[in-house]
Amino acid sequence: MHTFTAEVSRIQDLTHDVREIELRLLEPSSITFKPGQFVSFEVPKEGQPRPVTRPYSIASPPGQAARILLVLNLVQGGPGSSYLFGLREGERTSFKGPAGAFYLRDDGGRDLLFVATGTGIAPLRSMILAQLERGESRSVTLFWGLRSQRDLYWQEELMALSADHPNFSSVTTLSKPDPGWEGANGRVTALIEARVSSVGNLAVYLCGGSGMIKDLTTRLNAKGLCPIYREKYYD
Ligand SMILES: Cc1cc2nc3c(=O)[nH]c(=O)nc-3n(C[C@H](O)[C@H](O)[C@H](O)COP(=O)(O)OP(=O)(O)OC[C@H]3O[C@@H](n4cnc5c(N)ncnc54)[C@H](O)[C@@H]3O)c2cc1C
C-alpha cells in the first residue's frame with residue numbers, strides 16, 4: 001500500500017446527489033491495482049481529535065494508471081462524502097491504496113454476473129471495462145438497482161458497451177420509478193430471482209448496501225453453488 005498525492009482533474013455531477021471525481025496522480029504518478037480494489041482517505045470528523053478513514057472504490061480500469069475515477073453519493077453530515085464533495089478542481093488531496101480483496105478473478109472462464117445497488121456500481125465498472133478489454137467471449141451481465149429516474153447515470157455508456165460487445169448486457173431496475181418508466185422496475189433481488197435460473201456456470205460479484213448483499217447471497221445459494229464475491233458499502 002502506498003500514499004498518493006493527487007490533483008482533482010475533473011468533477012462532474014451525475015445526479016442530484018452523485019458525483020464523479022477524477023484524480024490525476026502526482027506522486028507516485030501512476031497506480032497499479034486490480035479492478036475492484038479501493039483507495040482510502042483520511043478525513044476530519046467533527047468533534048473527534050483524530051481523522052477517520054473512508055474507503056472509495058476505483059471506478060476506472062487499471063489500464064488507465066495515471067488517473068483514477070471515483071463515484072460517490074453525498075451522505076448528509078458524513079465526514080467522508082462531505083470531504084470529497086468539498087474538493088474543487090485543481091485542489092490537491094492524498095489517499096492510501098490500493099487495497100481490498102474484492103477484485104476480478106479468473107474463475108476458469110465462468111460467466112460473470114455483476115450486481116450493484118447505488119454507487120456500488122463503482123468497482124463493477126472497473127471490472128467490467130477491464131474484462132471487456134480482454135476480448136474474451138464469456139458472457140458478462142450487469143444488474144443495477146437504483147431508486148428512480150432522477151438517480152440514473154452512466155446509462156449511455158452501458159448502452160454503448162452493449163452495442164460494442166455482444167457478450168455484454170446490462171439491466172438497470174428502479175425500485176421507486178416515477179410514472180412513465182418503461183424499463184425494469186422493482187428491487188434488483190427480484191430481477192435476479194426472475195431472470196437467473198441457474199448459477200452453475202457463474203461467478204457473481206455483489207456490491208452495495210448490506211440488505212441487497214445478504215438477501216441475494218441467500219437467494220443465489222438456494223439456486224446452487226457458485227463463487228460469490230461481495231463488497232459491503234454500509235449496513
Ligand atoms: C470497501 C468500500 C468501498 C467503498 N466505495 C465507495 C464508493 O466507491 N462510492 C461510495 O459512494 N461509497 C463507497 N463506500 C462507502 C464510503 O466508504 C462511505 O461509507 C460513505 O461515503 C459514507 O461515508 P461518510 O463518512 O460520508 O458518512 P458516514 O458518517 O460514514 O455514514 C453515515 C451513514 O450513511 C450510511 N451510508 C454510508 N454509505 C452510504 C451510501 N453510499 N448510501 C447511503 N447511505 C450510506 C451509513 O450506513 C451511515 O449510517 C465504500 C465502502 C467500502 C467499505
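Note that ligands are numbered from 1 as they come in the structure, with each ligand's atoms numbered from 1 the same way. Note: hydrogens, waters and symmetry copies are ignored here, and every other heavy atom, side chains too, is used.
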How would you list, by chain and number, every residue that makes a side chain to side chain donor-acceptor pair (under 3.5 Å) with E91, sequence neighbours excluded? none
Side chain to side chain donor-acceptor pair (under 3.5 Å) filter on E42, not counting sequence neighbours, yields none
Heavy-atom cut-off of under 4.0 Å around ligand 1: list whichever protein residues fall inside it, by chain and number. F38, R54, P55, Y56, S57, V71, L72, N73, V75, G78, P79, G80, S81, T119, A122, E231, K232, Y233, Y234, D235
Minimum side-chain heavy-atom gap E89-R10 below 4.5 Å: yes
Only pairs under 3.5 Å count here: list side-chain donor-acceptor contacts from residues 119-146, not counting sequence neighbours, and write none if there are none.
| from | atom 1 | to | atom 2 | distance (Å) |
| --- | --- | --- | --- | --- |
| T119 | OG1 | N73 | OD1 | 3.2 |
| R125 | NE | E157 | OE1 | 2.9 |
| R125 | NH1 | A59 | O | 3.0 |
| R125 | NH2 | E157 | OE2 | 2.8 |
| S126 | OG | S60 | O | 2.8 |
| Q131 | OE1 | R134 | NH1 | 3.0 |
| Q131 | NE2 | E136 | OE1 | 3.2 |
| E136 | OE1 | R138 | NE | 2.8 |
| E136 | OE1 | R138 | NH2 | 3.1 |
| R138 | NH1 | D106 | O | 3.2 |
| R138 | NH1 | R110 | O | 2.9 |
| R138 | NH2 | D106 | O | 3.2 |
| R138 | NH2 | D106 | OD1 | 3.1 |
| W144 | NE1 | G118 | O | 2.9 |

Under 3.5 Å donor-acceptor, Q37 side chain and G100 backbone: yes
Smallest heavy-atom separation, L202 atom then C226 atom, equals O-CB, 3.2 Å
